[in-house]
Protein chains: 2
Amino acid sequence: MASYKDKGIKMTPQRMAIMEFLDGNPDHPSAEDIYMEVKEKYPMMSFATVYKTIEVLKSRGYLLELTIDPERRRYDPDTRHHHHLICVDCKKIVDIYGDFPVNVPEEAQESFELVGNHIEFYGICPECKKERRKNNGNIQM
Amino acid sequence: MASYKDKGIKMTPQRMAIMEFLDGNPDHPSAEDIYMEVKEKYPMMSFATVYKTIEVLKSRGYLLELTIDPERRRYDPDTRHHHHLICVDCKKIVDIYGDFPVNVPEEAQESFELVGNHIEFYGICPECKKERRKNNGNIQM
DNA sequence: TCTATCTCAATAATGATTATCCTTAAATAA
DNA sequence: TTATTTAAGGATAATCATTATTGAGATAGA
Ligand SMILES: [Mn+2]
Ligand SMILES: [Mn+2]
Ligand SMILES: [Zn+2]
Ligand SMILES: [Zn+2]
């Protein structure tokens, strides 16, 4: 993640707090998640500052924006190529590392120039599995 | 796609127009795309009706919601399992059929129960490739 | 220290989606 | 066919996430 001496990026307490929260964070937080957490330490923190800092970090390649949750954008400080497994119930996202051979058949690409890929796995996390079992026998929706 | 005699679904000209537009449509249109197009035939069509019809079709399994474009939700009348290739420039989405062996290593799943997957391929479509070449030598952003 | 430039925080604006509410039309059965 | 029931349509307001604006304050470099 961006260091204190990063060229051109002015370091402020707010940015440091946001970066500290993100650094190594495996939870793929949303802008609101970041705001809620960092506000604890810096109650003066504005939501706008969170969005602006996200934008700065994104544009410098320190942060990835995930388009995996239809409700809100999630952010990932791990910019290495990896994939994600999302719980279809609680939307928890966990990292999946590893290489998968996903070469698109030539004719299917329709002469696109390929630049990358991302696999979304869907599943039910342990907690939600437990929750589902508990609700067995009860009225279902 | 839903037939006229689908149990419990009331057939109206608006719904028929929307369903007709979606049926076999390979373009993964957004709600606005649907609205714009169908309004041509039915100028009285309301945006709310588009959203409500989308909801009905989704809930009955006739339509998938794609979370692949961060700007807006896209819809796919092809509910068979398949993947997508998206142009990073113009956001055009094309279908990718085929099976890819993407078995997650046991320990990586963290005891999730897997239920599916979806691969997003990123690329540059032929039109945008042309566009990029044309802009070569010009001022770049 | 002075000054130009960045950044902050508050807040307004935007854009997509959802909710409300009253009217209208489709389905169904007499 | 007509009447009755009930879901659907249309207009529009509300909501929610995100982006833009703006004036005040902070920062860094001369
Ligand atoms: Mn990740
Ligand atoms: Mn598709
Ligand atoms: Zn879960
Ligand atoms: Zn393109």
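Letters A, B, ... mirror the listed sequences (proteins, then strands); counts begin at 1.
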Roughly, in whole Å, what's the span from CZ in Arg60(A) to P in dC6(C)?
11 Å
Can a side chain N or O of Arg15(B) be found less than 4.0 Å away from OP1 or OP2 on dA8(D)?
yes
Between Arg73(A) and dT19(D), is there a side-chain N or O to OP1/OP2 distance below 4.0 Å?
yes
Side-chain N or O of Thr49(A) versus OP1/OP2 of dA9(C): is the shortest distance under 4.0 Å?
yes
DNA chain C: Met44(A) or Ala48(B), which has the more 5' nearest nucleotide?
Met44(A)
Examine the side chains of His83(A) and Asn117(B) and answer whether a donor and an acceptor come within less than 3.5 Å of each other.
no
Give the rounded distance in Å between these two atoms: NZ of Lys10(B) and P of dA25(C).
12 Å
With DNA chain D as reference, determine whether Lys52(A) or Phe47(A) sits nearer its 5' end, using the nearest nucleotide of each.
Phe47(A)
If you compare every side-chain N and O of Tyr51(A) against the phosphate oxygens of dT19(D) (OP1, OP2), does one of them come in below 4.0 Å?
no
For the residue pair Tyr51(B) and Phe47(B), categorise the inter-ring angle as parallel (less than 30°), tilted (30 to 60°) or perpendicular (more than 60°).
parallel
Would you classify Glu55(A) as touching base, sugar-phosphate or nothing, given that sugar-phosphate means primed atoms plus P, OP1 and OP2, and contacts are heavy atoms under 4.0 Å?
nothing
With a 4.0 Å cut-off on heavy atoms, is Pro13(B) in touch with a base, just the backbone sugar-phosphate, or nothing at all?
sugar-phosphate
Result of checking Arg72(B), Arg74(B), Arg73(B) against Glu65(B) for salt bridge (charged side-chain N to carboxylate O under 4.0 Å, His left out)
Arg73(B)
Without decimals, in angstroms, what is the distance between Leu66(B) CG and dT17(C) P?
12 Å
Distance, rounded to the nearest Å, where Glu71(B) contributes CD and dT14(C) contributes P:
17 Å
Distance check needed: dT14(C) P versus Arg72(B) CZ, whole Å only.
17 Å
Nearest-Å distance for atom pair OH/P, residues Tyr35(B) and dG15(C)
16 Å
Please state whether the phosphate of dG10(D), meaning OP1 or OP2, lies under 4.0 angstrom from any side-chain nitrogen or oxygen of Gln14(B).
yes
Shortest non-hydrogen contact from Ser46(A) to Tyr35(A)?
C-CE1, 3.8 Å
With His28(B) as partner, the option from Asp95(B), Asp69(B), Asp33(B) fulfilling side chain to side chain donor-acceptor pair (under 3.5 Å) is Asp95(B)
Would you kindly give the CE-to-C1' distance between Met11(A) and dC8(C), to the nearest whole Å?
15 Å
Atom CE of Met16(A) to atom C1' of dT27(D): distance rounded to whole Å?
15 Å
Check the phosphate of dC8(C) against Thr12(A), side-chain N and O only, distance under 4.0 Å to OP1 or OP2. Yes or no?
yes
